[in-house]
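Naming: A, B, ... by sequence-line order, numbering from 1 per chain.
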Amino acid sequence: MTTLRFEHGTVHAETDAAEADTALADLPNVEVDPRSGGFRAPAMYYADLRDALVAAGIDFEDRIAPVVDSDRSLSTTYDLRSYQRDALDSWLDADSRGVVELPTGAGKTVLAVAAMAAHSVPTLVVVPTIDLQDQWLRELETEFDVPVGRFGGGEQTQESITVSTYDSAYLRADDVGGDFGLVVFDEVHHLGGEGYQDIPRFLAAPARLGLTATFERPDGEHERVAELVGRRLYRLDVDDLAGDHLADYEVRRVEVELTAAEREAYDEAQSTFVNYLRSSGLSMQSGSDYQKLVMRSGTDPRARKALLAKQRARDVMMNSEAKVDKLARLLARHREDRVIIFTASTDLVYRISRRFLVPPITNETGTKERREILARFRDGTYDTVVAANVLDEGVDVPDANVGILLSGSGSEREFTQRLGRILRPKSDGSTATLYELVSVETAEERVADRRR
DNA sequence: TTGACTCAACATCCTTTGCTACAA
DNA sequence: TTGTAGGTTTCCATGTTGAGTCA
């Protein structure tokens, strides 16, 4: 009898008939295992092996397929919105493999719950942060009324529905990868990271759903994600839902001038950088060109000096005094509003916090304190918070109607996530506003263009 | 159980002009 | 002539997170 087993992140086919050998031998990604005499492939190809055996009419014992308990089939009370239904149908039509891209606040969790109910198989949900893990646990326990396991945050309990962090999934996938029939990757763009790519490889789950608001990655690794989880099947962006399921919004670019001293410092540092590029023949057309410079800086003192100068220039343009002055005027204008201030540096967060007496949140803010601040922001005790990159993703941030980008990277993802923080529909139907402060005649103008 | 700490991993980091070698 | 890719056994700094360890 031919048998399929899960072993350490792989699927192993033990065969005892020539027909089975023939059916498996030509499959891509499947190799002969000289030790066992059978065939072996990364667990992600489990469905290919199974389908090949079925197609060849071969009787086999499948020790991987998760047992479906008919008494515990999942059902959901959610009423899907039309676009959620369309996204779900696209996914089901694509053999339950693929990525759905929806903006923050569009109800990706609801879609995942519907997908889980549609399959009713043991499911692993993978999320990037403990905070998101808590949210998913609450949601799933409420919706399905079944125990939900947890990998991460100091706990390792497995249930037919288990929510894991990416880090714990990485540590456990080669062990438990054969136990799930469906895997949901929340914020699936994280799978572009080199190490995390092993997670979907080590999982046998034939059904795979990726959720994200920003699928494409500047490094192109979303192509890899598509190979591991499935291609992007459905996509809506903020503008498709604004005014209907999300708040209407406007983005206002506010240009600020550097002070004379800042201008001098910026020009000096920037010209050190540019002069080095000219003299060394380096062109800067992409991130990989920048990477070349970084590598060179490990051995070439001039390259290192140029790189440090570039960082000084960035500091000046992103943290200029003029921006803080402009911020004062914006805060005065929006005294009645709920405001989140975003920066790219923790120093600036604390500077603003001290000057405007606004609670700061950075990576240095402990979990307990962070929750307290957000709770007070939620209940209205605070009407403004200032954060570095902490609130961009993976945190349940209370709604605001004004966002102020004091500084940020050229990342489209970061911009989209920050915009998403102010787009929850307003009870009075009012428009959300995102201010983008840009130092004129600096590289920040290009940075701001790039992220849009 | 909690908090402080270390560690590893991941993400961003980008000019305004135009080199060199090689394949089609 | 035109188009395209470009070496390396990584990795300047900063921000952020989760896991693990220890007191």
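Nucleotide C:dG18 holds its P atom 15 Å from the CD atom of A:E155, rounded to whole Å. In this structure, CG of A:N275 is placed 12 Å from C1' of B:dT15, rounded to the nearest angstrom. At whole-Å resolution of the value, CZ in A:R446 and C1' in B:dT12 are 16 Å apart. Per the geometry, CG belonging to A:L132 stands 13 Å off C1' belonging to C:dG18, to the nearest Å. The CG-P distance, from A:D449 to B:dT16, rounds to 15 Å in whole Å.
Across all strands shown, A:F273 has heavy atoms under 4.0 Å from sugar-phosphate atoms exclusively, and none from any base. Nucleic acid contact class of A:G153 (heavy atoms, under 4.0 Å, all strands): sugar-phosphate only. A:R217 comes within 4.0 angstrom of sugar-phosphate atoms only, judged by non-hydrogen atoms across all strands, and of no base. At a threshold of 4.0 angstrom between heavy atoms, the contacts of A:E414 with the nucleic acid are absent. The residue A:Y196 sits close only to the backbone: its heavy atoms come under 4.0 Å of sugar-phosphate atoms, none of a base. Among the atoms of the strands shown, only primed sugar atoms or phosphate atoms (P, OP1, OP2) are found under 4.0 Å from some heavy atom of A:V274. Across all strands, A:L171 comes closer than 4.0 Å only to sugar-phosphate atoms, never to a base (heavy-atom distances).
The side chain of A:K368 has B:dG3 as its nearest neighbour among C:dG18, B:dG3, C:dG15. Listed nucleotides C:dT17, B:dC13, C:dG15 differ in distance to A:T129; the shortest reach to its side chain belongs to C:dT17. Among B:dT12, B:dT15, C:dG18, the nucleotide with an atom closest to any side-chain atom of A:Q270 is B:dT15. The listed nucleotides are B:dC13, B:dC10, C:dT17; the one nearest the side chain of A:R370 is C:dT17. Of the candidate nucleotides B:dT12, B:dT16, C:dC11, B:dT12 has the atom nearest to the side chain of A:P218. Side-chain atoms of A:Y290 lie closest to B:dC13 of the nucleotides B:dC13, C:dA19, C:dC12.
Relative to the ring axis of A:Y435, A:R253 does not place its NZ or CZ within 45° and under 6.0 Å from the centre.
Residue A:V390 is the one, among A:V390 and A:Q156, whose nearest nucleotide of DNA chain C lies closer to the 5' end (criterion: closest heavy atom). Nearest-nucleotide assignment on DNA chain C puts the 5′-proximal partner with A:N363, out of A:N363 and A:A169.
What you find for A:A443 and A:K310 is that their closest heavy atoms are CB-NZ, 3.9 Å.
Between A:D134 and A:R138 no salt bridge is recorded (no basic side-chain N to carboxylate O distance below 4.0 Å).
Near-neighbour residues of DNA chain B inside residues 295-322 of chain A, defined by a heavy atom below 4.0 Å, number-ordered: A:K310, A:R314.
For B:dT1, there is no paired nucleotide, since no Watson-Crick or G-U wobble pair has both relevant distances below 3.5 Å.
Going from the P atom of C:dT4 to that of C:dT8 covers 23 Å, rounded to whole Å.
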